[in-house]
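As structure tokens, the structure follows; a few thoughts come after it.
This chain uses plain numbering: 1 for the first residue, then up along the sequence.
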Amino acid sequence: MKRKKLVLLVSAIVLFGGYSAGIYANMTQPQEALTQKQIDNPNTEKNQTEIAKSVLESTGRSQQYDLNDLENVTVYVGSEATNSEDNAVVTLNFGPKNTVVAVYRSDGSVYEFAGDLGDFYGVQNVTFVPVEGLGKDVVIVQERVNQSLGSFEETDVIKGYVYDGEAYQSVLNTPQKIQSSWNDIWNKGLDNPSLWRRVTEETESKWVGGEDPYFQVTRYQTYLESDNKDEKIEPEDDTFQQKDERVVVEQFYWSQEWQRFILKEAIEKETGEKVAIVENLKASAYQLAGFEDTEDYRIVRKDDSFDYVRKDELQF
């Protein structure tokens, strides 16, 4: 879908990229396992190199990345809710926009490769959330995206993954924090006066277990403007004055049918088929700045395809 505004296009790329990233587990060929010693001591030079080499080989990236460019290796260890087997998520940072994330599962003696979560801009944190209703952990990756294409944007995105017995599947993708600044001239042309705009979003989130688990996020959004007239350099924070604000509460509940966290279900009028809504575009912080999408929701269909639709295309 083509967005009308470049700023929104950038945000869409950030938020939705995780849905199209390759997530797979190569179970047909033996992969080099990680030892308990490597997992426990990932920061020694020898272990970092060996871990990185194993991850790149297991994920098929040996020709994509040079170990000489490796900046750091981080290992996050958690427990599977059902059988207490340790999971290890390994991140390899090769610089901005180049972080590889892979999952390993313990067989009691070594950690074997279990899945490739994809390439990330940068990983802030990884947590394991045991959800009783699922009987397993949700692996939560907090991705940090800093970019300056169309806007000066810093965004934290929460991405959730669940192991389905064969691979880790993407089940949740939503912003956690946003600060985005841009000048009207960039979007509207030089004939318009210089005006710096900014939207921010801070969130509070909680996981609720039980038989019907859900993830609730409360979004505190603000819209600000700066009287700084420089057209190229982002103004200092203290030059921005708040013009509007709102609080948005969203609840993503686990759907056994869809095998993911969704907002709600609907019927697509054109096809008569049931679809799941995975994002409400009207909940975006950019709405405060006057950006209106022609579509209202992002949906997923039974064939796992995603699309953007207007509210009047759905029957609730």
Side-chain angles (χ1 to χ4, degrees), residues 16-36 38-39 42 48 50-65 70 72-94 98-131 134-143 157-174 207 213 215 254 256 258-261 278 300 304 306:
F16 304 139
Y19 283 112
S20 59
I23 304 166
Y24 61 89
N26 186 347
M27 307 301 288
T28 59
Q29 297 180 2
Q31 304 289 346
E32 183 177 348
L34 301 180
T35 66
Q36 187 68 55
Q38 290 172 329
I39 293 296
Q48 281 209 2
E50 291 178 348
I51 290 172
K53 182 178 179 181
S54 176
V55 170
L56 294 180
E57 290 178 351
S58 296
T59 60
R61 289 179 171 80
S62 295
Q63 302 303 314
Q64 182 178 346
Y65 292 99
L70 180 67
N72 62 66
V73 175
T74 306
V75 176
Y76 303 86
V77 177
S79 297
E80 190 72 31
T82 52
N83 54 23
S84 296
E85 287 185 353
D86 287 337
N87 296 310
V89 173
V90 181
T91 67
L92 309 182
N93 180 13
F94 289 93
N98 287 290
T99 299
V100 179
V101 182
V103 186
Y104 286 75
R105 295 169 64 86
S106 173
D107 68 357
S109 57
V110 296
Y111 284 80
E112 297 179 340
F113 175 70
D116 177 1
L117 298 190
D119 295 283
F120 294 73
Y121 275 72
V123 173
Q124 289 291 102
N125 193 25
V126 175
T127 56
F128 300 82
V129 179
V131 180
L134 303 183
K136 62 182 70 176
D137 291 345
V138 179
V139 178
I140 299 296
V141 179
Q142 181 182 351
E143 182 178 27
V157 182
I158 291 294
K159 297 184 176 181
Y161 303 88
V162 169
Y163 189 69
D164 67 1
E166 295 183 359
Y168 280 86
Q169 303 295 338
S170 173
V171 297
L172 180 68
N173 190 314
T174 189
W207 288 90
F215 174 71
W254 175 258
Q256 194 65 27
W258 294 94
Q259 288 294 294
R260 68 174 61 247
F261 288 92
V278 295
V300 59
D304 290 328
F306 291 85

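To the nearest 0.5 Å, atoms CD (Glu143) and CG (Asp119) are separated by 10.0 Å. The distance from the OG atom of Ser109 to the CD atom of Gln36 is 9.5 Å, given to the nearest 0.5 Å. Phe128 CZ to Tyr76 OH: the interatomic distance, rounded to the nearest 0.5 Å, is 10.0 Å. Rounding to the nearest 0.5 Å places CD of Gln259 at 13.0 Å from OG of Ser170. One finds the CG atom of Leu34 at 10.5 Å from the OG atom of Ser106 (value rounded to the nearest 0.5 Å). Taken to the nearest 0.5 Å, the CD atom of Gln63 stands 10.0 Å off from the CD atom of Glu57.
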Practice prompt. Go through Val162 and Val139 one step at a time and tell me if the side-chain contact (heavy atoms from CB on, under 4.5 Å) criterion holds.
Written response: CA-CA 6 Å; Val162 169; Val139 178; over 6 Å; no
Item to complete: Test side-chain contact (heavy atoms from CB on, under 4.5 Å) on Val73 and Val90 and set out the steps.
Response: CA-CA 7 Å; Val73 175; Val90 181; 4.1 Å; yes
Practice prompt. For side-chain contact (heavy atoms from CB on, under 4.5 Å), just list the numbers for Val138 and Leu172, CA-CA rounded to whole Å, side-chain angles, deciding distance to a tenth of an Å, and then say yes or no.
Written response: CA-CA 9 Å; Val138 179; Leu172 180 68; over 6 Å; no
Practice prompt. Determine, stepwise, if the pair Leu92 / Leu56 fulfils side-chain contact (heavy atoms from CB on, under 4.5 Å).
Written response: CA-CA 9 Å; Leu92 309 182; Leu56 294 180; 4.0 Å; yes
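Val129 places a side-chain heavy atom less than 4.5 Å from the side chain of Val131. Val126 places none of its side-chain heavy atoms less than 4.5 Å from the side chain of Ile140. Counting heavy atoms from C-beta outward, Phe215 and Thr174 have side chains that approach closer than 4.5 Å. With a 4.5 Å cut-off on side-chain heavy atoms, Asn93 and Thr74 do not count as touching. Using a 4.5 Å heavy-atom threshold, the side chains of Trp254 and Val171 count as touching. At a threshold of 4.5 Å between non-hydrogen side-chain atoms, the residues Thr91 and Val100 do not count as touching. The closest side-chain heavy-atom distance from Val141 to Phe120 is below 4.5 Å.
Listed for the Thr59 side chain is a donor-acceptor partner under 3.5 Å among the backbone atoms of Val55. Judged by distance alone, with hydrogens and angles left aside, the side-chain atoms of Gln142 form no donor-acceptor pair with the main-chain N or O of Val123 at under 3.5 Å.
Note on ring orientation: taking the six-membered ring where Trp is involved, the planes of Tyr163 and Tyr168 are tilted (angle from 30° to 60°).
If you check the side chains of Thr127 and Asn125, you find no donor sitting under 3.5 Å from an acceptor. Side-chain atoms of Glu50 and Gln38 include a donor-acceptor pair closer than 3.5 Å.
Across every non-hydrogen atom of Phe113 and Tyr104, the tightest pair is N-CD2, 3.3 Å. When all heavy atoms are compared, the tightest approach of Thr99 to Tyr121 is OG1-O, 3.9 Å.
In this structure, the ring of Phe94 has its center less than 6.0 angstrom from the ring center of Tyr65.
Between Arg105 and Asp86, no side-chain nitrogen of the basic residue sits less than 4.0 Å from a carboxylate oxygen of the acidic one, so the salt-bridge criterion is not met.
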